[in-house]
Amino acid sequence: MNKQMKAMEAEQASLTGDHCLSCTSCMSSCPVMAATQAYHGPKLVGPAHGRLHFSQEDVENTLDYCSNCKSCDRTCPSGVAVSTLNMLQRAEYYRTHPHPRRDNMLAHGERMAKLVRSLPLGATCANLGMKIGKSLGIFQAMGIAGKRDMPAYASSSFRSLFRKLRQKPSKKKMVFYPGCFINDNEPEVGVAFVQVMQQNGYEVLLDEGFNCCGSPLVVTGYLEEAREHAMNNVQRILAWQSKGIPVLACCTSCSLMLKQEYTELFGEQEMQQSAANVYDAFEFLELLDGQGELNRSYSQAPRKLLYHVPCHLKAHGMGVPAARILQDVPGMELELADAGCCGISGNYGFKEDKYEISMQVGERLFSRIRGTQAQVISDCGTCRMQIRHGTGVQPCHPIQILAMAY
């Protein structure tokens with residue numbers, strides 16, 4: 001095998017399955033297997049079924065249990081992209097089977113948000129409708145967890161707020177990729193990001209042509225739609241790359257899709273090229289710090305922080321750059337929760353049949369949070385939702401803490 005093929009095999013998930021040794025490392029690290037005996041395990045879903053060509057239709061009947069948290073990928077000694085192989089098998093299943101109504105709704109949050117925001121008082125009406133739908137059991141009848149609140153729409157999207165922000169012009173520019181959750185549900189995170197980048201001498205640009213990263217589509221089996229999103233986003237990233245302007249994201253799941261999962265899923269060379277121009281927000285700030293360019297003119301900010309590190313940040317393999325930066329703020333005390341997966345895994349915990357599993361997976365983290373008076377922080381929007389649901393505590397994004405420190 002030549003060097004080019006080896007490089008491609010390291011990047012594309014479908015070419016890694018043959019390296020599975022059936023060693024059970026993925027099974028021992030799987031939070032879903034720890035919560036239920038119903039799941040046969042990661043290696044039996046993607047690696048086993050993905051590399052064999054059966055003479056008749058054969059479906060692993062626990063295919064839907066994988067949450068795509070990527071714990072298996074991080075522990076595999078052979079470098080098998082187990083979770084992505086599982087997602088490919090899920091997509092293969094839905095080529096010949098109909099999608100549940102529930103999955104259609106959970107996968108297309110961006111489409112629903114655009115419809116909501118096209119109507120007068122759309123966000124207010126949608127939020128009220130979701131509360132009524134929950135109380136009447138409509139969502140539960142559709143297969144959506146009846147005990148869980150759906151994410152509320154912010155009165156104004158980040159894109160609309162961004163147009164009103166006054167920035168100091170700069171020769172140093174970067175493009176912000178807000179993703180669906182920040183744009184439609186927590187625009188204050190995006191505003192804090194702009195404030196931080198302005199403090200560091202950057203003018204923030206917004207590309208209105210970006211789509212949802214495609215993560216909700218991938219985990220529900222809409223792989224061809226996800227490919228369309230990927231190709232659009234990759235072309236836009238490459239266009240910015242040609243101008244020497246990097247693209248930054250605050251959501252670790254979005255940045256993981258843009259930087260890594262596109263190539264694993266689809267294997268296009270352009271995706272590997274565009275990935276080099278994408279950064280997680282704190283990854284970029286840490287690079288500035290290493291070059292002596294990070295603004296360290298912090299105000300005194302006496303505060304205790306408890307940091308839940310999202311699974312998808314761990315999958316980046318970059319450590320915890322937010323923790324390293326915030327620890328240097330005068331008066332800031334930061335401790336890692338170190339309590340495993342929160343359990344929600346994007347839209348996984350919103351499924352009625354997965355709700356109890358998601359709560360059981362998250363219980364260790366919930367117990368850790370209930371015993372602290374610290375401000376809880378996490379980079380992932382759905383992690384923050386799960387923490388709020390499981391503990392009643394209101395967490396925030398680390399970028400909001402850094403913005404306050406300036």
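- For the side-chain contact (heavy atoms from CB on, under 4.5 Å) with Met174, the qualifying choice from Val247, Leu205, Leu248 is Leu248, the only one to do so.
- The existence of a salt bridge linking Glu335 and Arg368 is confirmed by a sub-4.0 Å separation between a basic side-chain nitrogen and an acidic carboxylate oxygen.
- In summary, Lys172 and Glu203 do not engage in a salt bridge, as defined by a charged side-chain N under 4.0 Å from a carboxylate O.
- Smallest separation of non-hydrogen atoms from Arg364 and Gly340: NH1-N, 3.9 Å.
- Side-chain contact between Glu363 and Gln360: absent, with no pair of heavy atoms (C-beta onward) separated by less than 4.5 Å.
- A salt bridge between Arg296 and Asp289 is present, with a side-chain N of the basic residue lying under 4.0 Å from a carboxylate O of the acidic one.
- No more than 12 heavy atoms of other residues, nucleotides or ligands shown are found within 6.0 angstrom of CG on Leu121.
- For Asn200 (side chain) and Val196 (main-chain N/O), a donor-acceptor pair under 3.5 Å exists by modelled atom type.
- Side chains of Val361 and Ile344 form no contact here, defined as non-hydrogen atoms less than 4.5 Å apart.
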Criterion ring pair (Phe, Tyr, Trp, His ring centres under 6.0 Å) on Phe158 and Phe176, from CA distance to verdict: CA-CA 11 Å; Phe158 171 73; Phe176 180 46; 5.4 Å; yes
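- Nearest heavy atoms, Ser83 versus Lys70: OG-NZ, 3.0 Å.
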Audit row: Lys147, Glu352, salt bridge (Lys or Arg N to Asp or Glu O under 4.0 Å) steps and yes/no: CA-CA 9 Å; Lys147 295 180 181 178; Glu352 175 66 24; over 6 Å; no
Working for side-chain hydrogen bond (donor to acceptor under 3.5 Å, both in side chains), residues Glu270 and Ser274: CA-CA 6 Å; Glu270 288 180 326; Ser274 69; over 6 Å; no
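- Checked by atom type and distance alone, the side chain of Asp379 never pairs as donor or acceptor with a backbone atom of Pro310 at under 3.5 Å.
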Full working for side chain to side chain contact (heavy atoms under 4.5 Å, CB included) between Met105 and Met112: CA-CA 8 Å; Met105 181 176 176; Met112 293 182 66; 3.7 Å; yes
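- A cation-pi contact links Lys354 to Tyr65, judged by a cut-off of 6.0 Å to the six-membered ring centre and 45° from its axis.
- With respect to Asp353 and Arg102, a salt bridge is recorded, a charged nitrogen being found less than 4.0 Å from a carboxylate O.
- Classified by interplanar angle (parallel below 30°, tilted 30° to 60°, perpendicular above 60°), the ring pair Tyr202/Phe284 is perpendicular.
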Pair His108-Asn104, side-chain hydrogen bond (donor to acceptor under 3.5 Å, both in side chains): steps then yes or no: CA-CA 6 Å; His108 296 96; Asn104 191 11; 2.9 Å; yes
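- Considering CG of Leu217 and CG of Leu106, their distance stands at 11.0 Å, rounded to 0.5 Å.
- Under the 30°/60° scheme for interplanar angles, the aromatic rings of Phe282 and His397 are found to lie parallel.
- Of the possible donor and acceptor atoms, one in the side chain of Gln386 sits under 3.5 Å from a partner among the backbone N and O of Ser358.
- Using a 30° and 60° split on the angle between ring planes, His97 and Tyr93 fall in the parallel class, below 30°.
- The residues Glu208 and Arg163 are annotated as salt-bridged, a charged nitrogen and a carboxylate oxygen being separated by less than 4.0 angstrom.
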Salt bridge (Lys or Arg N to Asp or Glu O under 4.0 Å) evaluation trace for Asp149 with Arg388: CA-CA 10 Å; Asp149 291 327; Arg388 191 160 50 243; over 6 Å; no
Steps toward salt bridge (Lys or Arg N to Asp or Glu O under 4.0 Å) verdict (Glu225, Arg111): CA-CA 12 Å; Glu225 276 189 69; Arg111 184 177 68 191; 5.3 Å; no
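- Because its NZ or CZ atom is both nearer than 6.0 Å to the ring centre of Phe350 and within 45° of the ring axis, Arg148 counts as a cation-pi partner of that residue.
- Using a 4.5 Å heavy-atom cutoff, the side chains of Pro31 and Ser71 are in contact.
- In this structure, the side chain of Asn277 does not engage the main chain of Leu238 through any donor-acceptor pair within 3.5 Å.
- In this structure, Asn127 contributes its side chain and Tyr153 its backbone to a donor-acceptor pair below 3.5 Å.
- At least one donor-acceptor pair closer than 3.5 Å links the side chain of Asn185 to the backbone N or O of Ala152.
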From CA spacing to verdict: salt bridge (Lys or Arg N to Asp or Glu O under 4.0 Å), Arg117, Asp184: CA-CA 9 Å; Arg117 298 203 180 279; Asp184 293 306; 3.0 Å; yes
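- Using a distance-only test at 3.5 Å, with no hydrogens or angles considered, a donor-acceptor pair links the side chain of Ser255 to the main chain of Thr252.
- A donor-acceptor contact shorter than 3.5 Å is absent between the side chain of Ser299 and the backbone of Tyr406.
- For Glu264 and Thr84, the side-chain atoms include at least one donor-acceptor pair closer than 3.5 Å.
- Judged by distance alone, the side chain of Ser378 and the main-chain N or O of His308 form a donor-acceptor pair under 3.5 Å.
- Looking at Ser170, its side chain does come within 3.5 Å of a backbone N or O of Gly201 through a donor-acceptor pair.
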Verdict with reasoning, Tyr355 to His389, per ring pair (Phe, Tyr, Trp, His ring centres under 6.0 Å): CA-CA 12 Å; Tyr355 173 77; His389 179 69; 5.7 Å; yes
Tyr222 and Tyr94: CA distance, side-chain angles, deciding distance, ring pair (Phe, Tyr, Trp, His ring centres under 6.0 Å) verdict: CA-CA 8 Å; Tyr222 293 89; Tyr94 282 116; 7.3 Å; no
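- Partner of His316 under the side-chain contact (heavy atoms from CB on, under 4.5 Å) criterion, out of Lys259, Glu283, Gln260: Lys259 alone.
- By the 4.0 Å N-to-carboxylate-O rule, Arg324 lies close enough to Glu286 to be salt-bridged with it.
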